[in-house]
Amino acid sequence: MTQSNIRNFCIIAHIDHGKSTLADRLLQETGTITEREMQEQVLDSMDLEREKGVTIKASAVRMKYTAKDGEEYIMNLIDTPGHVDFGYEVSRALLGCEGALLVVDATQGIEAQTLANLYLALDADLEIIPVVNKIDLPAAMPEDVAEEVENIIGLPAEDVIPISAKTGQNIGAVLEAIVKRVPPPTIDYEAPLRALVFDSHYDSYKGVIAYVRVFEGKLNKRQWVQMMSNEVTAEPIEIGVFAPAMKPVDTLSAGEVGYIATGLKTVRECRVGDTITLREYPAKKPLPGYQAVKPMVFAGFYPTEGEDYSLLKEALERLQLNDAALVFEQETSDALNFGFRCGFLGLFHMEIIQERLEREYDLDLIATAPSVRYEVKMAHTGEEIVIDSPADLPDDGNFEEIREPWMHVQIFTPDEYYGVVMDLVIKRRGEFVGQEYPAPGRVVLKFDIPLAEIIIDFYDKLKSGTRGYASMDYETAGYRASDLVKLEVLVNKAPVDALAMIVHRDMAYHRGQKLVTALKNKIPRQMFEVPIQAATGKRVISRATVKAMRKDVLAKCYGGDITRKRKLLEKQKKGKKRMKMIGTVEVPQEAFMAVLSLNDD
Amino acid sequence: MIETSLSLYLHIPFCKHRCAYCDFNTYTSLLDLREVYADALVAEMAQVAGDARRPVHTIFFGGGTPSLMSPAALGRILDGVRTHFALAPDAEVTMEANPGTVDLEYLTAVSQTGINRLSFGVQSVVPSELALLEREHDFATVVEAVQMARQVGLDNFNLDLIYGVPGQTLASWAQSVRTVLDLDPTHLSLYCLTIEPGTPMQRWLLNGRIQPPDPDLAADQYELACTLLAEHGYDHYEISNWAKPGRECEHNLTYWRNGAYLGLGAGAHGHAAGVRYQIVKQPRVYLRRLQESSAPGYPLSTAVAASHPVNRTEAISDTMMTQLRLLNEGLDLAAFQAQFGQSVAEIYNGTLDQLVDWGLVGVENGRLHLTQKGWFLSNQVFYRFMLDEA
């Protein structure tokens with residue numbers, strides 16, 4: 001086997017366009033795994049991914065393929081995360097490849113995410129092989145979509161391969177195209193080792209397993225390695241390839257894709273995008289493009305039962321072993337007691353973490369409404385502070401300026417929803433930047449918008465407003481000063497830190513009103529009347545009242561069934577135990593998420 | 001607790017039609033079983049009682065629709081009671097009756113079996129409300145039934161009414177209460193409708209055919225009833241029950257005093273000899289189970305579905321929640337301390353203060369009782385008195 005017979009490629013696709021199914025077919029067609037071993041969607045090994053229909057972590061697999069030219073090829077498929085929160089991970093994974101299959105749904109056409117990832121692939125100088133999938137469906141329009149590919153991407157329509165990953169139709173043509181069109185890696189065996197980490201996972205026996213693409217040099221299994229960003233060194237426990245299970249080898253050479261079991265204790269020490277070199281024979285410069293991941297979205301996670309605090313801490317620590325993007329620190333709330341302020345790449349990342357905590361660690365959580373990280377310049381001292389919890393914002397007048405993160409957003413939609421999308425974006429303080437009509441009937445709308453406005457149900461609204469047709473991609477656009485104020489909520493006259501939010505001054509009244517109404521409906525009636533107020537500064541701008549409860553009585557005692565009565569009461573008591581006390585007011589957990597439903601307009 | 005005398009609950013699990021709000025243990029397709037079922041009840045008594053002939057002072061036929069049983073069957077059942085227990089000569093023997101199922105001949109025969117108290121499910125006098133509840137009688141039938149009952153000497157009777165019915169107003173409720181007061185019953189039970197899971201009514205609620213009852217309106221209805229019934233000389237002795245002086249339902253008092261009662265028949269519940277138990281619900285299973293030999297011993301029969309000894313924690317919770325339902329009587333603090341070796345104040349220190357502070361309970365003459373405000377918020381009181389299992 002020579003390097004000219006290696007092909008490294010990835011698959012770019014929008015969610016649901018059939019990436020995983022195509023990957024399965026390729027594995028089958030190359031005999032990498034047999035029908036019997038075939039688990040649906042091998043690459044998506046986490047249950048959660050399977051349910052959400054997306055790939056969360058990149059993965060890699062090595063296939064052997066004997067092409068029509070009679071030669072045997074090693075084909076490394078590097079899988080990429082399919083969600084916008086993981087753009088950086090995608091870019092790293094793409095760097096490991098020379099080619100990319102661009103999968104487009106024959107019934108849907110190109111989507112914003114496809115395009116975003118395509119640009120990343122073009123940036124990485126990859127050979128693009130366009131594939132139109134799902135041609136078995138009655139609604140498929142492979143010719144139209146091929147034309148769209150030509151118009152938007154500039155790849156000739158006749159180069160587009162029509163396939164059905166589901167039925168396996170034309171999969172052979174895809175493999176042949178990879179052999180013919182994707183260039184072999186160009187390599188230098190003699191240079192010092194430079195291997196790009198494009199993914200990793202934590203294994204309790206072997207420590208952090210780095211998924212690497214070796215660009216230059218060679219790694220022998222006995223050689224110590226070094227991370228170039230932080231100079232952490234490690235003696236590999238094992239090196240190997242994905243076939244598709246992890247299979248140890250003696251050496252990994254330039255051009256190859258494989259893994260290094262580093263024995264390191266956390267993924268923080270071996271981050272995606274970093275370059276691994278040899279300790280004894282280090283490279284002079286790392287591979288380009290490494291960035292430390294920065295959390296963008298923050299929320300407080302609190303255990304429902306106070307005694308689960310240490311369990312939650314343990315669970316977060318364990319998840320962090322595998323997730324370099326997750327950050328957390330201890331936070332105390334008057335209303336929710338002890339918990340953690342957690343930082344995430346995006347809302348989707350947050351949802352995944354929350355679900356994993358609840359599902360895999362059996363924790364009952366209250367998550368506060370997500371917020372972003374603000375930069376605040378204090379009034380008198382001129383001191384700059386950074387806050388990621390709304391409750392920490394100093395009172396109005398105590399700061400000179402507050403800045404919030406903005407995003408460049410592009411939304412891809414059929415043009416009939418132009419008005420709907422514009423409306424949504426303008427309501428969320430978005431600024432129109434430009435538009436393109438890449439294909440008949442389709443429009444790309446470009447906006448700048450504060451991140452805070454899109455982390456709460458923006459995507460859901462976009463989807464429902466466009467009957468699911470619109471897709472969206474975003475990237476950071478730096479910080480901008482805004483006229484923001486802290487909106488506080490007082491329940492029975494006491495401010496509730498966990499319900500505070502930061503809003504634009506012009507929206508404070510409207511949001512405040514919605515918030516108190518939402519809370520009024522979520523807080524059950526108590527033994528006394530409970531006023532709920534929204535305030536900015538010291539000024540109450542909105543108020544609602546939860547009336548005192550008048551009736552709570554059990555009906556007939558059926559045939560002396562005291563046990564049933566007792567059980568109902570015990571259930572009621574248990575329900576009350578799950579409530580959080582704000583002073584003497586019992587507040588259900590959903591109330592703390594009331595902020596999420598504020599944009600129902 | 002000293003078990004001086006027992007109450008017997010006899011469940012009759014048959015109906016011609018299941019009402020829209022009902023989730024009781026009753027069956028509309030098993031009417032053919034009625035006669036054998038009566039004999040099975042006697043067989044169950046024999047198993048439970050052995051040769052002890054324990055004293056009994058109240059009997060309650062509940063359902064279902066007990067008035068679907070033939071007078072002969074009722075007679076056999078009561079003869080069984082007299083055989084296996086020592087039935088007090090002045091015992092209260094109540095039968096629930098559906099106004100539409102009785103005539104003069106039937107009531108005459110019933111009165112001769114020893115049944116001396118009736119409880120009619122009136123529910124409402126308003127046709128639209130009766131229709132929604134799927135009751136198959138109209139108010140004229142009730143009037144007739146009551147007249148016939150008096151005619152045969154059954155003048156001690158209860159009438160059930162339901163408030164908090166979707167579509168019911170304060171005015172229509174007042175009409176129901178006033179109209180049944182004209183019938184001069186000795187006892188009234190007013191229940192707030194609970195929409196139970198699995199009932200047609202719950203389905204209607206979910207699919208929007210009916211609107212959920214307004215709890216504030218229900219509270220107004222309750223208050224109105226309290227006023228009207230007090231004006232007519234009824235004593236509000238239990239949260240949902242009113243009686244003319246001396247006409248309280250002795251049988252229900254057993255429940256509320258956390259006393260001893262045997263539950264006989266499919267789905268019945270019992271509490272005796274420190275055990276709470278439940279009988280299998282399905283009548284056919286019940287009949288089959290009674291064929292088995294080797295009964296577990298008093299108070300259990302071979303048809304028992306589940307039973308557990310009542311521990312101290314449970315006994316305390318039960319005592320609080322039952323005894324406090326008796327509005328005048330309340331809970332005797334000294335008796336409580338004597339029984340459990342600890343005072344209510346010791347067990348519920350913070351809780352008690354909080355409830356007093358909210359004006360839901362009060363202490364008077366050594367008795368803890370619900371305040372007028374607490375009557376209708378009783379669950380808020382009771383659940384706070386539920387003790388966690390140690």
Side-chain angles (χ1 to χ4, degrees), chain A residues 304-308 364 491-494 520-532 544-590, chain B residues 7 9 11 23-25 60 62-63 160 162 164 189 191-194 196 215-216 218-220 222-223 239-240 251-252 254-256 258 261 263 265 267-271 276 278 306 308 314 317-318 321-322 325 354-355 358-360 373 375-386 388:
Chain A
T304 307
E305 310 283 353
E307 60 260 39
D308 283 349
D364 247 337
V491 171
N492 208 19
K493 310 261 158 107
K520 182 190 164 213
N521 294 331
K522 291 207 161 122
I523 296 177
R525 295 166 71 169
Q526 318 270 320
M527 294 300 98
F528 45 88
E529 190 175 281
V530 179
I532 298 169
T545 304
V546 179
K547 287 189 290 178
M549 186 194 296
R550 289 185 57 199
K551 165 192 170 275
D552 184 10
V553 66
L554 279 177
K556 187 167 180 169
C557 168
Y558 163 60
D561 187 358
I562 303 287
T563 306
R564 177 172 172 181
K565 269 198 185 323
R566 184 173 1 85
K567 281 188 177 149
L568 286 170
L569 290 167
E570 275 164 2
K571 202 171 148 197
Q572 189 171 5
K573 180 179 175 184
K574 218 170 148 193
K576 294 291 165 122
K577 265 196 177 165
R578 288 173 49 91
M579 300 248 185
K580 291 288 172 184
M581 298 301 292
I582 296 179
T584 51
V585 182
E586 292 163 338
V587 179
Q589 322 204 357
E590 310 90 77
Chain B
S7 289
Y9 176 80
H11 191 69
D23 75 334
F24 292 171
N25 187 42
F60 196 100
D160 279 350
I162 298 183
S189 296
Y191 298 117
C192 186
L193 180 69
T194 314
E196 300 286 354
D216 286 346
D220 290 341
Y222 182 74
E223 278 175 7
I239 290 174
S240 308
H251 184 83
N252 281 334
T254 301
Y255 298 155
W256 306 136
N258 202 20
Y261 53 95
H269 293 260
H271 175 222
R276 282 200 186 276
Q278 184 182 356
H308 68 272
E314 186 178 329
S317 301
D318 286 353
M321 101 177 164
T322 54
R325 289 190 71 102
Q354 175 75 88
L355 292 170
W358 280 334
L360 299 179
K373 183 181 174 192
W375 293 352
F376 216 38
L377 288 165
S378 54
N379 278 359
Q380 291 290 322
V381 175
F382 299 155
Y383 91 71
R384 289 181 168 85
F385 283 140
M386 293 288 116
D388 290 323

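Chain letters run A, B, ... following the sequence lines, proteins first and then strands; every chain starts at 1.
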Applying a strict 4.5 Å limit to non-hydrogen atoms, the region of B:Q278 in contact with chain A is neither

Looking only at atom types and distance, does a side-chain atom of A:K573 sit under 3.5 Å from a main-chain N or O of B:R384, one as donor and one as acceptor? no

Is any side-chain heavy atom of A:I562 closer than 4.5 Å to one of B:M321? yes

Tell me, do A:R550 and B:P215 make a side-chain contact under 4.5 Å, heavy atoms counted? no

Could you tell me whether B:K373 and A:D552 have a side-chain N and a carboxylate O separated by less than 4.0 Å? no

Greatest number of non-hydrogen atom pairs under 4.5 angstrom with chain A, of B:Q354, B:H308, B:M386, falls to B:M386

Under 4.5 Å heavy-atom distance to chain B, tell me which part of A:K574 shows up: side chain, backbone, both or neither. neither

Pick from B:T254, B:N379, B:V381 with the largest number of heavy-atom pairs that fall under 4.5 Å of chain A: B:N379

Side chain, backbone, both or neither of B:L360 within contact of chain A (heavy atoms, under 4.5 Å): side chain

Close side-chain approach of B:L377 to A:V553, heavy-atom, < 4.5 Å: no

Run the numbers on B:D318 and A:R566 for side chain to side chain contact (heavy atoms under 4.5 Å, CB included), then give the verdict. CA-CA 7 Å; B:D318 286 353; A:R566 184 173 1 85; 2.6 Å; yes

With side chain to side chain contact (heavy atoms under 4.5 Å, CB included) as the test, would you mind laying out the steps for A:K576 and B:Y383 before giving the verdict? CA-CA 9 Å; A:K576 294 291 165 122; B:Y383 91 71; 3.1 Å; yes

Do A:K567 and B:E314 pass the salt bridge (charged side-chain N to carboxylate O under 4.0 Å, His left out) test, and can you show the C-alpha distance, the side-chain angles, and the key distance before you say yes or no? CA-CA 11 Å; A:K567 281 188 177 149; B:E314 186 178 329; over 6 Å; no

Can A:K551 and B:D220 be counted as an ion pair, charged N to O under 4.0 angstrom? no

Between A:Q572 and B:Q380, is there a side-chain heavy-atom distance shorter than 4.5 Å? yes

Give, as side chain, backbone, both or neither, the part of A:K547 having an atom under 4.5 angstrom from any heavy atom of chain B. side chain

